[in-house]
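Computed from a prediction, not measured in an experiment: that's the story for all the values here.
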Amino acid sequence: MQGSTHCARVPLAACFLLAPLWLLAGCDQPQAAPADDGASAETSETSSAELREYRVRGQVAMVPDASSPMSELQIHHEHIPDFVGWDGKVHMNSDGVPGMKAMTMPFPVKDPSVLDGLSVGDKIEFTLVTDLTAKAYWLKEASPLPADTVLDFGTKTAQPGAAP
């Protein structure tokens, strides 16, 4: 009987561990930046034609911690109205609003120095880079905002008469 109780808890625990992944998949988010493995210049040139940069504001929700291997940089960011999806068109989110919803999501970084000085709770402005060819994204740089900066994490609504 003890074995069946343990087995019943495993799926529930797996749901809690996998829930963030399911949420990100449901948000039609880009993949994390691939590791820089010294790819050839030709690969970089091909991808650079599909690079897009967005200036975004947000609040640091988690920073990587060497003592916690599962930790990562997470930022609760504002709505990105002109966000372009993998198809090269402005993304239409699940609320029928153009762009990416405000949400908390992980942000890979290629240059670890970008993390210098970042702390949980910091309000920042950052550059989000997406590579449409590689279907990857990363945080390029971040700069602090004044602590009294008001961020807008509200859900945007579709404008009347807007195409769905």
**Complete:** Residues joined to L151 in its hydrophobic cluster, side chain to side chain under 4.5 Å directly or through other members, sorted by chain and number, are L145, F153

**Complete:** Contacts of K123 meeting side chain to side chain donor-acceptor pair (under 3.5 Å) (sequence neighbours excluded), chain-then-number -> none

**Request:** Return the set of residues passing side chain to side chain donor-acceptor pair (under 3.5 Å) with S71 (not counting sequence neighbours), or none when no residue passes.
**Result:** none

**Prompt:** For the atom pair CD1 (I75) and CZ (F107), what is the distance rounded to the nearest 0.5 Å?
**Reply:** 5.0 Å

**Request:** Rounded to the nearest 0.5 Å, what's the gap from CZ on F126 to CG on L73? Could you check?
**Result:** 8.5 Å

**Request:** Starting at CG of N93, measure out to NZ of K156 and round the result to the nearest 0.5 Å.
**Result:** 11.0 Å

**Message:** Taking T133's backbone N and O only, do any of them form a donor-acceptor pair with D131's side chain (distance below 3.5 Å, no angle check)?
**Reply:** yes

**Request:** With L139 as reference, evaluate T127, V129, L128, V114 under the side-chain contact (heavy atoms from CB on, under 4.5 Å) test and give the passing residue.
**Result:** V114

**Complete:** To the nearest 0.5 Å, atom CD of Q59 lies from atom OG1 of T149 at 10.0 Å

**Asked** Sequence neighbours excluded, which residues qualify as side chain to side chain donor-acceptor pair (under 3.5 Å) partners of D116?
**Response** none

**Prompt:** How long is the span from the CZ atom in F83 to the OH atom in Y54, to the nearest 0.5 Å?
**Reply:** 5.5 Å

**Prompt:** Residues two or more places apart in sequence or in another chain: which of them pass side chain to side chain donor-acceptor pair (under 3.5 Å) with S94?
**Reply:** K101

**Fill in**
By side chain to side chain contact (heavy atoms under 4.5 Å, CB included), D148 pairs with (sequence neighbours left out) P146

**Message:** For the CG atom of D152 and the NE2 atom of H77, what is their distance to the nearest 0.5 Å?
**Reply:** 12.5 Å

**NZ/NE/NH1/NH2 to OD/OE distance under 4.0 Å, E78 and R57** = yes

